[in-house]
Number of protein chains: 2
Amino acid sequence: MILTTAEENYLKAIYHLSDEGKKSVSTNDIAAEMKTKPASVSDMLRKLGEKSVIEYRKYYGVHITEEGKKLALQTIRKHRLWEVFLVEKLNFAWDEVHEVAEELEHIQSPLLIQRLDAYLNFPKFDPHGDPIPDEYGDVRSRPRIQLNEMEIDQSGQIAAVKDSSAAFLRYLDKVGAYIGARIKVLDKVEFDGSLEILVDQKKTLFMSKDVASNILVLQS
Amino acid sequence: MILTTAEENYLKAIYHLSDEGKKSVSTNDIAAEMKTKPASVSDMLRKLGEKSVIEYRKYYGVHITEEGKKLALQTIRKHRLWEVFLVEKLNFAWDEVHEVAEELEHIQSPLLIQRLDAYLNFPKFDPHGDPIPDEYGDVRSRPRIQLNEMEIDQSGQIAAVKDSSAAFLRYLDKVGAYIGARIKVLDKVEFDGSLEILVDQKKTLFMSKDVASNILVLQS
DNA sequence: TTATTTTTTTAGCCTTATCTAATTTCGTAA
DNA sequence: TTACGAAATTAGATAAGGCTAAAAAAATAA
Ligand SMILES: [Mn+2]
Ligand SMILES: [Mn+2]
Ligand SMILES: [Mn+2]
Ligand SMILES: [Mn+2]
């Protein structure tokens with residue numbers, strides 16, 4: 001099955017929304033994610049349904065099919081490999097890669113991706129800590145917990161960020177939080193859920209619950 | 001001026017056709033180059049004319065404007081830089097790069113191209129020997145002559161190929177002709193214009209006039 | 001269970017890029 | 001200087017992807 005760029009983008013959005021544990025994904029949610037109107041989504045769902053990459057029952061939201069999942073994971077694989085390339089080889093900052101990767105992921109060339117993967121030494125994670133699916137669509141996912149859900153005195157390593165917006169990533173740069181950093185929860189404020197964190201055994205950091213909820217931790 | 005992917009492709013074709021010393025470029029020639037129909041070309045010429053990247057007088061062909069030339073050269077620059085990347089970094093053969101570069105050249109990110117250029121060490125020529133315009137659109141072109149137009153006993157270096165088709169490039173690989181090879185014309189057959197060439201002072205090669213006309217030489 | 005609100009779909013329109021068929025214009029040969 | 005053939009343009013369709021406004025269906029509240 002060959003998809004257009006627009007179809008790939010929609011399918012990726014549906015995959016990501018499905019991944020949040022929902023039974024089915026709504027038209028409105030897709031429209032919000034894609035920054036299009038619900039009417040445009042309805043139209044696209046019909047097309048994706050005809051191509052059997054989603055299961056679509058009018059008025060009842062969509063489910064991604066196995067084939068759809070495979071295709072979405074291929075696009076995600078390409079996106080994340082390009083992000084690694086941009087950061088590792090072209091010295092992009094991790095907050096500068098998303099938009100460009102959003103375009104690069106649609107280049108059609110299996111050879112290109114295979115070679116890029118080898119050239120980057122078969123990376124397993126992208127610059128935001130997200131796992132890179134292999135060429136068969138398999139993702140090795142590790143159990144990660146949101147930082148705001150950790151208890152006092154628990155420790156771990158920053159594994160990934162949920163929000164990849166430039167604003168959030170630059171904030172993390174500024175306070176010295178990075179993928180792989182060792183952290184420990186020193187204190188949690190009852191009132192607003194904000195936290196005091198020890199980073200790399202030396203630096204203390206205060207952050208809101210909102211910030212913490214966008215940091216994923218590998219517990220140890 | 002921002003162009004769509006289709007507009008960029010047309011403008012590049014017009015630039016290349018203009019470069020062949022013609023006064024003006026015809027609708028039919030553009031259609032042949034783009035593998036579209038003349039009717040589609042007429043429509044696109046109107047649009048490109050409105051954007052002032054070409055000068056278009058109905059029924060009299062087109063001239064590219066200074067602004068159009070600049071934009072075309074930017075696309076060509078991107079195309080050739082990506083070709084260098086594919087060959088130098090991802091080990092593509094020189095006959096495998098064209099189609100992928102045809103897609104990659106449309107990625108919109110000045111930072112990406114600037115970084116790619118630096119990463120590749122500011123290459124001056126692409127894998128087919130074609131010069132890479134600088135970021136201002138300047139091309140340093142060297143005087144090159146078609147191999148079939150050289151006289152017996154003259155020598156030089158293969159500088160570029162006119163035809164970048166996979167079939168032609170693989171033929172050159174097979175006979176051991178490559179960009180940079182030192183060559184000398186040993187003999188020319190009056191009857192059909194075919195040539196006998198000495199490559200790298202050791203290997204003798206026979207080639208048709210047709211093949212020779214697609215090899216550009218830097219005379220010495 | 002009925003009425004209202006929210007969600008989703010449909011209808012109709014736009015733009016870009018293509019096509020085929022019909023028409024117009026150009027250049028040239030008689 | 002006209003008539004004819006080639007080249008180019010226009011007219012009218014189609015397909016993808018988007019929009020707004022209207023209609024329909026589902027979900028929720030009364
Ligand atoms: Mn994308
Ligand atoms: Mn990422
Ligand atoms: Mn192209
Ligand atoms: Mn080239």
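Just so we're on the same page: letters track the sequence lines, and every chain starts at 1. Keep in mind that the numbers below use all heavy atoms, side chains included, and drop hydrogens, waters and symmetry copies.
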Pick base, sugar-phosphate or nothing for Asp43(B), based on heavy-atom distances below 4.0 Å to the nucleic acid. base

Quick one: do the Asp126(A) and His79(A) side chains pair a donor with an acceptor below 3.5 Å? no

Within less than 4.0 Å of OP1 or OP2 of dT9(C), is there a side-chain N or O belonging to Tyr56(A)? yes

When you check the side-chain N and O atoms of Tyr10(B) and Thr36(B), is any donor under 3.5 Å from an acceptor? yes

Are Gln219(A) and Gln154(A) close enough that a side-chain donor and a side-chain acceptor fall under 3.5 Å? yes

Would you say Tyr60(B) places a side-chain N or O within less than 4.0 Å of OP1 or OP2 belonging to dC26(C)? yes

Compare the minimum distances between each of dC26(C), dT10(D), dA21(D) and the side chain of Tyr59(B), then state the nucleotide with the smallest one. dC26(C)

Can you check whether Lys47(B) has a side-chain N or O nearer than 4.0 Å to OP1 or OP2 of dA17(C)? yes

Side-chain N or O of Tyr10(A) versus OP1/OP2 of dG18(D): is the shortest distance under 4.0 Å? yes

dC19(C), OP1 or OP2 - any side-chain N/O from Ser40(B) closer than 4.0 Å? yes

From CZ of Arg57(B) across to P of dT9(D) the rounded distance in Å is 11 Å

Using a heavy-atom cut-off of under 4.0 Å over every strand shown, decide if Thr36(A) touches base, sugar-phosphate, or nothing. sugar-phosphate

Gap between atom CD1 of Ile197(A) and atom CD1 of Ile215(A) - 0.5 Å precision: 7.5 Å

Indicate, with a heavy-atom threshold strictly under 4.0 Å, whether Ala39(B) touches base, sugar-phosphate, or nothing. base

Within less than 4.0 Å of OP1 or OP2 of dA7(D), is there a side-chain N or O belonging to Lys58(B)? no

Comparing Lys37(A) and Val41(B) on DNA chain D - which has the more 5′ nearest nucleotide: Val41(B)

Side-chain N or O of Thr27(A) less than 4.0 angstrom from OP1 or OP2 on dT9(C)? yes

Please determine whether a side-chain nitrogen or oxygen atom of Asn28(B) lies at a distance below 4.0 Å from atom OP1 or OP2 of dA8(D). yes

Under a plain distance cut-off of 3.5 Å, with no hydrogens placed, do Ser208(B) and Asp210(B) share a side-chain donor-acceptor pair? no

According to a strict under-4.0 Å criterion, is Ser42(A) in side-chain N/O contact with OP1 or OP2 of dT8(C)? no

Counting just side-chain N and O atoms, does Lys35(A) come under 4.0 Å of either OP1 or OP2 of dG18(D)? no

